[in-house]
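Shown next, in structure tokens, is the structure this report addresses.
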Amino acid sequence: MAENVGVWLVIPTYNESANLEAIVEAAREVLPPSRRILIVDDSSPDGTGAIADRLADAHEDVAVLHRPGKGGLGAAYLAGFRWALDAGYDAVVEMDADGSHQPEQLPALLAALSQADLVLGSRYVPGGRVVNWPRSRELLSRGGNTYARLMLGIQLKDATGGYRAYRASALRAIPLDEIESQGYCFQVDLAWRAHKSGCRLVEVPITFAERERGQSKMSSSIVREALWRVTVWGAQAHLVSLRRRLRGRRRRTVG
Ligand SMILES: Nc1nc2c(ncn2[C@@H]2O[C@H](COP(=O)(O)OP(=O)(O)O)[C@@H](O)[C@H]2O)c(=O)[nH]1
Ligand SMILES: [Mg+2]
């Protein structure tokens, strides 16, 4: 996309007081001048919301959306996307607040958007890397991605990652009101819906580094939600294709 493309960077936060300021300042350095940054904070008890307000007071291009309580990553992003789409910008970018996603890689994500509707920062394509993640967490992530590929029939190597750029037009084509995913399977949900709505999906390699400060909000309930939702979506997709095949066979028999 062009240099002067309007970009909303959406950063969800829950207890990221040790990370937020550095990540916002680093993102402001590398994004095109026509960018805005939206922090979506779920009333973090550690005071992240107050830091976000201070950043918004200091910088015209930073805004904050305060939500009443911890509602999950999916709900936070949906609220952020609605805000960004209402503002009428060209692209919307997702990025974690904890430093795992490197702001220096933002220009590569945006550049790839000229040939795609959704660019996924990918740890598992050639050139992509994971740094300092415990082996168990990487296995969970790789296993989740393999399961999503098998169940949904998509070719993505990293459908669970949360460093990505959407064309605003692609987000508008997805019925956001229908999305029920609350946790991290929101990412698979969006990739799956974008794929089904005919969007061009491209993966670009990123380096994902384990956070150095603060704690991960990953939990077993997040994993369980992802597992059952991906299983249901996969079963539905297989049923639809089976029905199509049967209908085709019936038509051939009648004809
Ligand atoms: N607003 C909001 N942000 C969240 C929530 N859960 C996680 N996040 C943010 O989502 C990003 C990724 O979460 P993180 O705990 O680092 O997940 P991990 O990298 O998979 O271990 C971080 O910026 C978190 O602060 C939530 O319920 N609400
Ligand atoms: Mg993290």
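For the atom pair CG of Leu246 and CZ of Arg249, the computed distance is 6.0 Å after rounding to the nearest 0.5 Å. Considering CG of Leu31 and CD1 of Ile37, their distance stands at 6.0 Å, rounded to 0.5 Å. Here the CH2-OG1 distance, from Trp233 to Thr231, works out to 10.0 Å after rounding to the nearest 0.5 Å. Atom-to-atom distance recorded for Leu106:CG and Glu29:CD is 12.0 Å, nearest 0.5 angstrom. Atom CZ in Arg250 sits 10.5 Å away from atom CZ in Arg243 (nearest 0.5 Å). Separating the CD1 atom in Ile23 from the CD atom in Gln102 is a distance of 8.5 Å, to the nearest 0.5 Å.
Grouping the Ile, Leu, Val, Met, Phe, Trp and Tyr side chains by contacts below 4.5 angstrom, directly or via other members, places Phe208 apart from Val223. Residue Trp228 is not grouped with residue Met218 when hydrophobic side chains (ILVMFWY) are merged at heavy-atom distances under 4.5 angstrom, including chains of intermediate members. Under a hydrophobic-cluster definition in which Ile, Leu, Val, Met, Phe, Trp and Tyr are linked whenever side-chain heavy atoms come within less than 4.5 Å, directly or via other members, Val92 and Trp192 are assigned to the same cluster. A continuous path of Ile, Leu, Val, Met, Phe, Trp and Tyr side chains, each step under 4.5 Å between heavy atoms, connects Phe81 with Leu73, placing both in one hydrophobic cluster. Both Leu190 and Leu156 sit in one connected hydrophobic cluster of ILVMFWY residues. Membership requires side-chain heavy atoms under 4.5 Å apart, directly or through other members.
By the 4.5 Å heavy-atom criterion applied to side chains, Trp83 and Val10 are not counted as neighbours. The shortest distance between side-chain heavy atoms of Val24 and Leu9 does not fall below 4.5 Å. Put simply, the side chain of Asp177 reaches to within 4.5 Å of the side chain of Arg82, judged on heavy atoms. In this structure, the side chains of Ser219 and Ile222 come closer than 4.5 Å at one or more pairs of heavy atoms.
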Please step through salt bridge (Lys or Arg N to Asp or Glu O under 4.0 Å) for the pair Asp61 and Arg28, ending with a clear verdict.
CA-CA 9 Å; Asp61 54 338; Arg28 292 184 71 246; 3.1 Å; yes
Between Thr160 and Tyr184, is the side-chain contact (heavy atoms from CB on, under 4.5 Å) condition met? List the steps.
CA-CA 7 Å; Thr160 60; Tyr184 299 3; over 6 Å; no
For Arg123 and Glu138: C-alpha separation, side-chain torsions, deciding distance, then whether salt bridge (Lys or Arg N to Asp or Glu O under 4.0 Å) applies.
CA-CA 10 Å; Arg123 296 160 285 193; Glu138 186 170 342; over 6 Å; no
Test salt bridge (Lys or Arg N to Asp or Glu O under 4.0 Å) applied to Asp189 and Arg193, step by step:
CA-CA 6 Å; Asp189 199 341; Arg193 284 172 192 269; 2.7 Å; yes
Working for side-chain contact (heavy atoms from CB on, under 4.5 Å), residues Leu55 and Glu25
CA-CA 9 Å; Leu55 289 166; Glu25 296 297 355; 3.8 Å; yes
If you apply the rule side-chain contact (heavy atoms from CB on, under 4.5 Å), what do you find for Arg229 with Val232, and how did you get there?
CA-CA 5 Å; Arg229 283 200 194 275; Val232 170; 5.8 Å; no
Please lay out, stage by stage, how Asp158 and Val125 fare under the test side-chain contact (heavy atoms from CB on, under 4.5 Å).
CA-CA 8 Å; Asp158 194 351; Val125 291; over 6 Å; no
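Looking at Glu203, its side chain does come within 3.5 Å of a backbone N or O of Lys157 through a donor-acceptor pair. Between the side chain of Thr146 and the main chain of Arg142, a donor-acceptor pair closer than 3.5 Å is present. Judged purely by atom type and a 3.5 angstrom limit, Asp96 has no side-chain atom pairing as donor or acceptor with the backbone of Asp98. Asp117 places no side-chain N or O within donor-acceptor distance of the main-chain N or O of Arg167, the cut-off being under 3.5 Å. Proximity of a side-chain donor or acceptor of Ser43 to a complementary backbone N or O of Pro68 within less than 3.5 Å is detected. Under the 3.5 Å distance criterion, the side-chain polar atoms of Arg211 are left unmatched by any main-chain donor or acceptor of Gly99. A donor-acceptor pair under 3.5 Å is formed between the side chain of Asp42 and the backbone N or O of Gly71. For Asn145 (side chain) and Ser141 (main-chain N/O), a donor-acceptor pair under 3.5 Å exists by modelled atom type. Using a distance-only test at 3.5 Å, with no hydrogens or angles considered, a donor-acceptor pair links the side chain of Glu225 to the main chain of Gly183. Side chain of Arg36 to backbone of Ala63: no donor-acceptor contact under 3.5 angstrom is found.
Counted within 6.0 Å of CZ on Arg129, heavy atoms from surrounding residues, nucleotides or ligands total 12 or fewer; the atom is thus considered open. For Glu212, the CD atom sits in a loose shell: 12 or fewer heavy atoms of surrounding residues, nucleotides or ligands are nearer than 6.0 Å.
When all heavy atoms of Glu210 and Pro134 are compared, the pair lying nearest together is OE2-CD, 4.4 Å. Between Asp53 and His66, the shortest heavy-atom distance links the atoms OD1-NE2, 2.8 Å. Among all heavy-atom pairs drawn from Leu118 and Ala191, the shortest one is CD2-CA, 4.2 Å. Between Arg164 and Ala159, the closest heavy-atom pair is NH2-O, 3.0 Å. The minimum heavy-atom distance linking Val230 with Met151 is given by the pair CG1-CB, 3.9 Å. Between Val119 and Ala112, the shortest heavy-atom contact is CG2-C, 3.6 Å.
Taking the ring axis of Tyr14 as reference, the NZ or CZ atom of Lys217 does not stay both within 45° of it and closer than 6.0 Å to the ring centre.
Taking the six-membered ring where tryptophan is involved, the planes of Trp8 and Tyr89 are tilted, since the angle between them lies from 30° to 60°.
Asp41 and Thr48 form no side-chain donor-acceptor contact under 3.5 Å, judged by distance and modelled atom types alone. Side-chain contact, His101 with Glu94: no donor N or O sits under 3.5 Å from an acceptor N or O.
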